[in-house]
Number of protein chains: 2
Amino acid sequence: MSRRTDTRDRMLSTAAELFHTQGYHATGLNQLLSAGGAPKGSLYFHFPGGKEQLAAEALAISGGRLHDVLRQTLETADGPGAAIETLIGHLAETLAASEFRRGCPLSTVALDAADSEPIRRACAEGFGSWQAVFEDALTGAGIAARRAGELATVVLAAVEGALLLAKTRHDTAPLRAVAAHLRITIEGELR
Amino acid sequence: MSRRTDTRDRMLSTAAELFHTQGYHATGLNQLLSAGGAPKGSLYFHFPGGKEQLAAEALAISGGRLHDVLRQTLETADGPGAAIETLIGHLAETLAASEFRRGCPLSTVALDAADSEPIRRACAEGFGSWQAVFEDALTGAGIAARRAGELATVVLAAVEGALLLAKTRHDTAPLRAVAAHLRITIEGELR
DNA sequence: AAGTTACTAGACCGGTCGTCATAGTTCGCG
DNA sequence: CGCGAACTATGACGACCGGTCTAGTAACTT
């Protein structure tokens, strides 16, 4: 059962990268394969479900990666308010450094491939896992469970929206505004 | 110079609709033309810039339409806090009634055609015009200009993010959470 | 009737995703 | 060790659809 090549992993890697920056429909199989140095036939060997399955798995990986970053940031930082500010700073940096190409790794695909159920589900799970991290951090800081859930939703929505605006405007100001707002909101909640 | 047909307008209309629900790359010219009952050759007569120009103009129309709804809602309602809640309720209804297809008319395209400069600009202008409406309403309610700008950014980001999450999850809860949060935030600011 | 403008049909070529017959590689078992 | 079965990999192929453009028809003007 052990694999002999890393083709499958390489494909997932390049797929995650391309879907992140271009979205689902804008990313062609040829581009994907040539970027990963893989022949066409291999795709349907490793991913019988074709492009759709490849995308769903790649999104799960992207979601997991950011989940880990989130968790680490929230554990390390000095309270959830500060953590979120740090985190947004990190997102802003990534976005600007990529000439405003690398925003949220899920949102582009979540919107442009919303009619594919497997893909939609993969994105929903990614978002859910991120929200859970926020929620845990908030309850950990002493906020009631019910309230923490709502607040985590607001945090995630605001960050996603700010990423969208920043990417569209080629300007990180929306991220900074949202970071400040969220920090104040959270710290106001903690007393 | 006077036109003899309404082909151009019909094309813009169907384009706005399809780009709204499917995004840029997922919408083919054939689908677009057959849906609008328009002949293929006409595209490059009416839109020499091709698909890209058609999209940019359609987005400007979509942006303008929502701009009008926003302005009217904010003028009619009893203060900006209530207005935003009403507005989000309206967005949630539209989204749910369309089986979670009709979210923000710009965001899908803004993300999946971000590398086209004309399209990016059209989206940025749409977002900007919406934000200006919020900003005016907030300053009109007595909030300082500088602060109103930041707050309007947060409002827009939160609403956009909530639409994204709601669409992906097939659940309007994020919209409700954000509506409640924004109302409280704004009304807290007004005293 | 001739000229000008408004519009349209369909051919075009490159690229789309997906399939398949075949080739190469590794392993279990006699 | 040697053989065959199972696993892995390959790229040519095809049916179709993508956006674009040229060559043409229809309508109005003078």
Side-chain angles (χ1 to χ4, degrees), chain A residues 1-19 21-59 108-109 112-120 122, chain B residues 1-19 21-59 108-109 112-120 122:
Chain A
M1 203 59 205
S2 68
R3 273 186 256 103
R4 292 191 294 245
T5 71
D6 61 346
T7 304
R8 200 187 134 96
D9 291 335
R10 281 207 331 276
M11 285 176 115
L12 280 172
S13 229
T14 54
E17 165 68 16
L18 289 173
F19 287 139
T21 52
Q22 308 188 126
Y24 185 74
H25 292 282
T27 303
L29 248 33
N30 287 340
Q31 180 190 13
L32 218 146
L33 294 166
S34 75
K40 191 156 226 171
S42 299
L43 207 175
Y44 291 86
F45 173 72
H46 292 295
F47 305 92
K51 191 186 185 185
E52 192 177 40
Q53 183 190 346
L54 172 60
E57 293 196 25
L59 291 167
T108 306
V109 178
D112 100 320
D115 52 350
S116 154
E117 191 54 22
I119 290 178
R120 208 211 90 229
Chain B
M1 202 58 201
S2 68
R3 272 187 258 105
R4 292 194 292 246
T5 70
D6 61 345
T7 304
R8 198 188 136 96
D9 291 336
R10 283 209 327 280
M11 285 175 113
L12 279 172
S13 224
T14 52
E17 165 68 17
L18 288 173
F19 287 139
T21 53
Q22 306 186 129
Y24 185 73
H25 293 282
T27 303
L29 250 31
N30 287 338
Q31 181 190 14
L32 217 146
L33 294 166
S34 74
K40 187 155 194 176
S42 301
L43 210 171
Y44 287 83
F45 174 73
H46 293 296
F47 304 93
K51 190 188 186 186
E52 193 177 40
Q53 183 189 347
L54 172 61
E57 292 197 25
L59 291 167
T108 307
V109 178
D112 100 320
D115 52 351
S116 154
E117 190 56 22
I119 291 178
R120 207 212 91 229

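Lettering follows sequence order; numbering is per chain, from 1. Only this structure's heavy atoms are used, side chains among them; waters, hydrogens and symmetry mates stay out.
How far NZ of Lys51(B) is from CG of Leu43(B): 10.5 Å, rounded to the nearest 0.5 Å. Of the inter-residue distances, the one linking Asp112(A) atom CG with Gln22(A) atom CD reads 10.5 Å to the nearest 0.5 angstrom. Between Leu29(B) atom CG and Thr27(B) atom OG1 the span is 10.0 Å, to the nearest 0.5 Å.
The distance from atom NZ of Lys40(B) to atom P of dT22(D) is 15 Å, rounded to the nearest whole Å. Residue Arg10(A) contributes atom CZ, which lies 16 Å from atom P of dT8(D) at whole-angstrom precision. For the pair Phe47(B) CZ and dC21(D) C1', the computed distance is 17 Å after rounding to whole Å. Across the protein-nucleic acid pair, Leu43(B) atom CG and dT22(D) atom P stand 15 Å apart, rounded to whole Å. Whole-Å rounding puts the Asn30(A) CG to dT16(C) P distance at 5 Å. When the P atom of dT8(D) is taken as reference, atom CG of Asp9(A) falls 13 Å away, rounded to whole Å. Atom CG in Leu32(B) sits roughly 12 Å away from atom P in dT20(D) (whole-Å rounding). The OH-P distance, from Tyr44(B) to dG18(D), rounds to 12 Å in whole Å.
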Would you sort out whether Glu52(A) and Tyr24(A) count as a side chain to side chain contact (heavy atoms under 4.5 Å, CB included), showing the intermediate values?
CA-CA 9 Å; Glu52(A) 192 177 40; Tyr24(A) 185 74; 3.9 Å; yes
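Contact check, His46(A) against dA9(D): a side-chain N or O comes under 4.0 Å of OP1 or OP2. The side chain of Ser42(A) places no N or O atom within less than 4.0 Å of a non-bridging phosphate oxygen (OP1 or OP2) of dA9(D). Residue Thr7(B) places at least one side-chain N or O closer than 4.0 Å to OP1 or OP2 of dT8(C).
Judged by distance alone, with hydrogens and angles left aside, Lys51(A) brings no side-chain donor or acceptor close enough to the base of dG18(C) to form a pair under 3.5 Å.
Of the two residues near DNA chain D, Gly41(A) and Phe45(A), the one whose nearest nucleotide lies more 5' is Phe45(A).
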